[in-house]
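These numbers come from the heavy atoms of this one structure, side chains and all, not from hydrogens, waters or symmetry mates. Reminder, nothing fancy here: chain letters follow the sequence lines and each chain counts from 1.
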Amino acid sequence: MSNNERLVKQITAKTEDFSRWYVEIVQKAELADYTPMKGMMVIRPYGYAVWENIQRLMDGRIKASGHVNAYFPLFIPESFLKKEAEHVEGFSPEVAWVTIGGKEELEERLAVRPTSEAIIGYMYSKWIKSWRDLPVLYNQWANIVRWEKVTRPFLRTTEFLWQEGHTCHETAEEAQAETLKILAMYKEFCETELAIPVIAGRKTLREKFAGAHMTYAIEALMSDGKALQMGTSHNLGQHFSKAFDIKFEDRNQTLQYVWQTSWGTTTRMIGALIMSHGDDSGLRLPPRVAPTQAVLVPIPAANWKETVLPVARRVEESLRAAGLRVALDAREEFTPGWKFSEYEMRGVPLRIEIGPRDVKNGQAVLVRRDLKTKETVSLEVLSARVPALLEEIQATLLKQATVFLADNIRPAGSYEEFKNILETTRGFIRAAWCGGEVCEDRIKTETMATIRVIPLEEEDRPVEGACICCGAPGQAVALFARSY
RNA sequence: CGGGGAGUGGCGCAGCCUGGCAGCGCGCUUGCCUUGGGAGCAAGAGGUCGACGGUUCAAAUCCGUCCUCCCCGACCA
């Protein structure tokens with residue numbers, strides 16, 4: 001649409017250069033900005049407000065399932081990190097170290113936490129003595145530092161914010177149940193709140209968390225056809241409890257190591273919102289996490305401050321009373337048209353226009369951000385219509401993303417076809433895998449695609465077909481994709 | 001960490017090759033006038049040209065080192 005083009009002249013088209021489109025939205029919608037330090041960004045108030053909504057909604061779920069919040073130190077002694085061999089091995093390339101305090105060299109250097117299993121494990125060993133102490137269901141909201149080589153706002157930054165759950169259980173079965181329960185909760189969260197459909201599944205051993213017994217993840221598909229991991233849930237088995245000596249006396253009076261889990265979601269989810277829902281005009285935020293759900297734009301005329309503005313203020317109040325996050329933009333230095341574009345860029349789900357004509361007719365014009373459709377609504381029913389419309393917008397975003405996901409999961413009958421999909425449409429490729437790391441590596445080297453997950457729903461079914469790579473009998477059906 | 005591109009008022013860029021007064025558009029400030037899809041006119045403000053060092057009478061421009069960002073690859077939420 002040529003009209004559209006004109007309106008969004010500042011943003012690079014999504015189809016023209018997806019990466020550039022992404023960073024432009026991040027900056028122009030004022031979600032985040034770069035600092036002079038590599039990979040370190042400022043989450044600006046608008047972006048942080050999205051995070052606060054995510055946090056609030058996620059925190060509610062975490063607490064509803066019996067978990068409690070706590071806070072552990074930012075610094076972790078090197079000796080702690082070293083206790084779980086695979087854990088250090090996996091994280092050492094990206095750990096930042098503190099070696100000096102004030103002016104004195106430290107006796108033992110301190111890691112800036114890349115994740116908190118080590119420090120939490122140490123504390124758990126002090127606190128847990130009996131089966132009566134279990135389960136321990138802790139969660140922490142914290143910042144994390146990982147010295148990444150390639151960084152991108154929200155998707156991969158040196159420092160990021162997250163939530164990390166750390167639980168201890170009496171039995172392996174309980175730990176496994178917890179791992180899957182959280183995975184299901186994450187999936188439900190993404191779909192309900194973020195309107196992003198995800199595929200829940202198991203990671204291969206190559207892709208699992210360093211120190212975990214088994215890693216599960218939810219994977220989403222961004223609109224450029226690349227996959228993004230939206231959250232992980234690990235069954236840690238007894239790896240850390242053995243390393244940190246977290247023992248309890250069980251119901252039969254024998255000493256046992258606890259069974260643990262850990263799980264996390266991060267500010268990366270904001271990146272996923274951008275890349276799942278955004279269009280050429282900018283962001284499209286799902287109403288449930290949008291900082292502003294509806295923006296009122298009064299249309300000025302001769303004496304609009306006496307006529308239009310009071311009506312707009314009353315509407316604002318009534319919507320706020322209905323529990324909605326609304327804003328009234330009565331600034332005179334910008335024209336309505338300018339504001340329309342601005343709020344589209346920032347992804348505000350609904351725009352409410354009130355002008356002289358509307359005041360005369362006792363109505364308002366509602367414009368949806370998702371479909372850009374307009375409707376005229378009587379002021380009397382506005383506070384009922386707006387929440388309903390917001391729900392429709394939430395549902396539409398989820399539906400569009402769900403259709404996109406379904407359309408972009410393709411079976412590959414041969415390795416040639418597999419490669420061809422990656423060269424053309426991208427998306428997920430559903431194919432059988434022999435379970436061998438040799439094939440996994442070869443596919444990665446040759447196609448840049450990795451096994452994102454072995455979907456849970458596939459695990460109950462018998463595996464049909466041969467390994468897409470070597471032709472040996474398939475051991476699992478996996479979803480492959482290039483990823484962020 | 002390898003290959004490529006870039007860094008000049010807030011943003012987008014020209015100027016660099018061939019050294020000689022730092023420019024343009026948008027934005028910003030003030031005033032008038034406008035306002036239903038990024039209005040118009042007028043007058044203004046704003047720069048150690050990414051940083052450091054070198055060459056030169058003279059450096060945005062030439063040389064070197066470093067930093068940051070973007071793209072494409074090896075490692076990871």
Side-chain angles (χ1 to χ4, degrees), chain A residues 1 3-12 17-24 26-28 33-41 90-95 114-115 143-164 186 203 206-210 215 217-220 228-234 262-272 281-282 297-302 304 308 330-345 351-359 364-365 367 372 374 376 441 444-445 448 450 482-484:
Chain A
M1 191 153 87
N3 186 34
N4 223 16
E5 246 170 69
R6 193 168 55 82
L7 295 180
V8 296
K9 58 191 175 198
Q10 305 111 313
I11 320 181
T12 301
D17 186 339
F18 192 85
S19 297
R20 188 162 175 185
W21 168 85
Y22 176 81
V23 300
E24 283 180 4
V26 166
Q27 294 193 83
K28 289 180 174 164
D33 202 3
Y34 294 100
T35 66
M37 297 87 74
K38 180 178 160 61
M40 304 189 197
M41 64 170 187
F91 278 102
S92 65
E94 39 187 324
V95 172
T115 179
N143 57 338
I144 289 295
V145 169
R146 293 184 189 173
W147 219 259
E148 299 286 352
K149 289 168 181 166
V150 177
T151 58
R152 278 150 92 72
F154 293 115
L155 301 176
R156 178 165 296 107
T157 45
T158 303
E159 180 183 7
F160 58 94
L161 306 181
W162 79 351
Q163 143 290 298
E164 50 178 326
Y186 282 168
K203 286 282 183 184
R206 185 188 194 285
E207 302 271 330
K208 83 173 172 62
F209 174 76
T215 288
I218 47 170
E219 291 275 336
L228 183 74
Q229 182 170 304
M230 299 276 290
T232 49
S233 184
H234 316 291
S262 69
W263 27 274
T265 54
T266 76
T267 37
R268 172 183 275 186
M269 289 193 291
I270 298 171
S281 308
V297 179
I299 310 298
W304 71 285
V308 174
R331 289 178 296 178
E332 293 178 77
E333 61 268 37
F334 296 106
T335 63
W338 187 91
K339 292 175 186 174
F340 297 166
S341 300
E342 181 68 11
Y343 291 109
E344 276 166 18
M345 167 95 73
R351 179 172 84 234
I352 305 173
E353 301 174 17
I354 299 180
R357 286 203 298 272
D358 304 307
V359 169
V365 177
V367 186
K372 297 197 174 168
K374 287 189 185 185
T376 303
D441 286 342
K444 182 168 183 178
T445 311
M448 295 180 325
T450 51
R482 289 186 189 160
S483 69
Y484 279 98

If the cut-off is 4.0 Å, is [X] near the phosphate of [N], judged by side-chain N/O to OP1 or OP2?
X        : N      : answer
A/Thr335 : B/rA39 : yes
A/Arg152 : B/rC71 : yes
A/Ser341 : B/rG37 : no
A/Tyr343 : B/rG38 : no
A/Lys444 : B/rC75 : yes

Report task. Could you label the plane-to-plane angle of the A/Trp21 and A/Phe18 rings as parallel, tilted or perpendicular, counting under 30° as parallel and over 60° as perpendicular? Result -> tilted
Query raised in the report: Could you give the distance from CE (A/Met345) to CD (A/Glu24), rounded to the nearest 0.5 Å?
Result: 8.5 Å
Query raised in the report: Does the side chain of A/Glu344 come under 3.5 Å of the side chain of A/Ser281 through a donor N or O and an acceptor N or O?
Result: no
Query raised in the report: So, A/Phe91 versus A/Phe209, ring centres under 6.0 angstrom or not?
Result: yes
Query raised in the report: Considering heavy-atom distances to RNA chain B, does A/Arg351 or A/His234 have its closest nucleotide positioned more toward the 5' end?
Result: A/Arg351
**Report entry** Pairwise C1' distance, B/rG47 and B/rG7 [rounded to whole Å]
**Finding:** 15 Å
Query raised in the report: Under a 3.5 Å cut-off for both distances, is B/rG9 Watson-Crick or wobble paired, and to whom?
Result: none
